[in-house]
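To keep things clear, I will list the structure first and then write my remarks on it.
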There are 2 protein chains.
Amino acid sequence: MKTIDERQQVMLENKIQKYFISTAPYIDQGICPTKNLLATSLDKWSLFCILNLGYFKVLRFNQLKKNIDGISSRMLAVTLQRLENHDIVARKVFSSVPPKVEYSLTSFGFELANKIIDLSNWFMDNSKALQ
Amino acid sequence: MKTIDERQQVMLENKIQKYFISTAPYIDQGICPTKNLLATSLDKWSLFCILNLGYFKVLRFNQLKKNIDGISSRMLAVTLQRLENHDIVARKVFSSVPPKVEYSLTSFGFELANKIIDLSNWFMDNSKALQ
DNA sequence: CGGTATCCGTTGCGATACTG
DNA sequence: CAGTATCGCAACGGATACCG
């Protein structure tokens, strides 16, 4: 059991202060960045999409659907659209018949994938409660 | 726009592989660690609880309720219980009348708070889409 | 003070069917 | 192939009332 010293505590307080200062203008407009950025980018299906695209680099719609066990067309479409709107995923359409659409991570999405997987692995290594 | 070189890609692939290997046993039991750890620890109310406890160190139930704008008793209770079950928050009961209960972060919760706030601040600094 | 119990509207999301 | 449209169930979560 590590102890939390005063210096660590002050560092955390400063970071939290920074967060509340930078989010305040959005809160005033009724927009919750916490919810819009974290919660919606880190839900279950988003995570699987990001990890799949992080691993395979480029995937088509039905390849993603096969890889992500249990996802419906609707949720995959909704999730990918949201990730595209957040500039996490890039969508490339080839105008051919039958249609072909390729999904991949943006550079922002690639950075995000790294941060998320680090957090996830830390969780798996350190959490005592997995249920 | 940074480019993603081959070395970075391979590093990410390895991390993702590690994640899928370490989660596989749970998946087989029908438990989804991704959902149970990330999604439930990082929802909107959990975040506010963690950040408040990170900032003020120790808070009582109704102090938390005042600080977290809009939360109901029910959701605060549910959220705190879940965080306690995940060993993120510690609950200390003083058997007195009227009752007094103090909440604080565990050392695991403190580490988590740091990781979450770093991710949140990175989001605020780098994301183009806040809605 | 620190919750729990209940009700109930809203949202999420899976299944199915359909389309350019 | 890559989605959209519609439906309907189930879970989430807010409001209110109540309790040790």
Side-chain angles (χ1 to χ4, degrees), chain A residues 30-32 34-50 52-53 56 58-86 88-105 131, chain B residues 30-32 34-50 52-53 56 58-86 89-104 131:
Chain A
I31 298 166
C32 176
T34 307
K35 185 173 170 58
N36 290 343
L37 290 180
L38 284 183
T40 62
S41 303
L42 298 186
D43 80 309
K44 184 179 155 194
W45 295 135
S46 298
L47 277 167
F48 287 133
C49 287
I50 292 172
N52 262 279
L53 293 175
F56 294 106
V58 178
L59 287 173
R60 299 175 63 177
F61 188 89
N62 280 311
Q63 290 177 315
L64 269 166
K65 201 178 167 205
K66 267 181 208 154
N67 288 351
I68 304 175
D69 197 45
I71 198 169
S72 63
S73 286
R74 203 180 76 88
M75 285 315 296
L76 182 56
V78 168
T79 303
L80 286 171
Q81 280 165 16
R82 217 172 45 209
L83 291 174
E84 194 190 355
N85 291 337
H86 283 66
I88 293 166
V89 159
R91 182 171 180 271
K92 188 172 178 186
V93 184
F94 298 83
S95 32
S96 57
V97 180
K100 177 177 173 179
V101 180
E102 285 184 350
Y103 291 93
S104 58
L105 293 177
Q131 321 210 22
Chain B
I31 298 165
C32 177
T34 306
K35 185 173 174 55
N36 290 343
L37 290 180
L38 286 182
T40 62
S41 304
L42 298 187
D43 80 309
K44 184 179 156 193
W45 295 136
S46 298
L47 277 167
F48 287 133
C49 288
I50 292 172
N52 263 279
L53 293 175
F56 294 106
V58 178
L59 287 173
R60 299 175 63 177
F61 188 89
N62 279 312
Q63 290 177 315
L64 268 167
K65 200 177 167 205
K66 266 179 209 153
N67 288 351
I68 303 175
D69 196 46
I71 198 168
S72 63
S73 286
R74 203 179 77 88
M75 284 317 294
L76 183 54
V78 168
T79 303
L80 286 171
Q81 279 166 17
R82 216 171 45 206
L83 291 174
E84 194 190 355
N85 290 337
H86 283 65
V89 160
R91 183 170 179 270
K92 188 173 179 184
V93 184
F94 298 83
S95 33
S96 58
V97 180
K100 177 177 173 182
V101 181
E102 285 183 351
Y103 291 94
S104 59
Q131 324 210 21

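If you're wondering where the values come from, they're calculated on a predicted model, not measured in any experiment. Values below: all heavy atoms of this structure, side chains included; hydrogens, waters and symmetry mates excluded.
For the pair B:Leu38/A:Leu42, no side-chain contact is recorded, criterion being any heavy-atom separation below 4.5 Å from C-beta on. Residues B:Cys32 and A:Phe48 form a side-chain contact, since some pair of their non-hydrogen atoms from C-beta on lies under 4.5 Å apart. When side chains are defined from C-beta on, B:Leu83 counts as touching B:Cys49, because their heavy atoms get closer than 4.5 Å.
The line from NZ of B:Lys44 to CD1 of B:Ile68 is 11.0 Å long, rounded to the nearest 0.5 Å. With rounding to the nearest 0.5 angstrom, the CD1 atom of A:Ile88 is 11.0 Å from the CG atom of A:Leu80. B:Lys66 NZ to B:Leu64 CG: the interatomic distance, rounded to the nearest 0.5 Å, is 11.5 Å.
Taking the 5' to 3' direction, DNA chain D first and last meets chain A under 4.0 angstrom from a heavy atom at D:dC1 to D:dT6.
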Interface polar pairs with nucleotides 4-6 of chain C, N/O, under 3.5 angstrom:
unit_1, atom_1, unit_2, atom_2, d
C:dT4, OP1, B:Gln81, NE2, 3.1
C:dT4, OP2, B:Gln81, NE2, 3.2

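Each of A:Pro99 and B:Pro99 was matched to the nucleotide of DNA chain D holding its nearest heavy atom; the match closer to the 5' end belongs to A:Pro99.
With hydrogens and angles disregarded, a donor-acceptor distance shorter than 3.5 Å links the side chain of B:Gln63 to the backbone of B:Arg60.
The distance from atom OH of B:Tyr103 to atom C1' of C:dC1 is 11 Å, rounded to the nearest whole Å. In this structure, A:Asp43 atom CG and C:dG14 atom P are separated by 10 Å, rounded to whole Å. Atom CG of B:Leu80 and atom C1' of C:dC1 are 14 Å apart (whole Å). If you take CE of B:Met75 and C1' of C:dC8, they are 16 Å apart, rounded to a whole angstrom. Regarding B:Lys100, its NZ atom lies at a distance of 17 Å from the C1' atom of C:dG3, rounded to whole Å. Per the geometry, CG belonging to B:Leu76 stands 8 Å off P belonging to C:dG3, to the nearest Å.
Not counting sequence neighbours, the partners of B:Ser73 by the side chain to side chain donor-acceptor pair (under 3.5 Å) test are B:Lys65. Scanning for side chain to side chain donor-acceptor pair (under 3.5 Å) contacts around A:Asn67 gives A:Asn52, with sequence neighbours left out. Listed by chain and residue number, B:Phe94, B:Lys100 satisfy the side chain to side chain contact (heavy atoms under 4.5 Å, CB included) test with B:Ser96 (two or more places apart in sequence, or in another chain). When the side chain to side chain contact (heavy atoms under 4.5 Å, CB included) test is applied to B:Val93, the partners found at least two apart in sequence or on another chain are B:Arg91, B:Val101.
Against DNA chain D, the stretch residues 88-98 of chain A makes heavy-atom approaches under 4.0 Å through A:Arg91, A:Pro98.
The two residues B:Arg82 and B:Ser46 come nearest to each other via the heavy atoms NH2-OG, 3.4 Å. Here the closest non-hydrogen pair linking A:Leu53 and A:Tyr103 is CD2-O, 3.4 Å.
For the helix from C:dC1-D:dG20 to C:dG20-D:dC1, the axis fitted to the five pairs at one end and the axis fitted to the five pairs at the other end meet at an angle of 50° (nearest 10 degrees).
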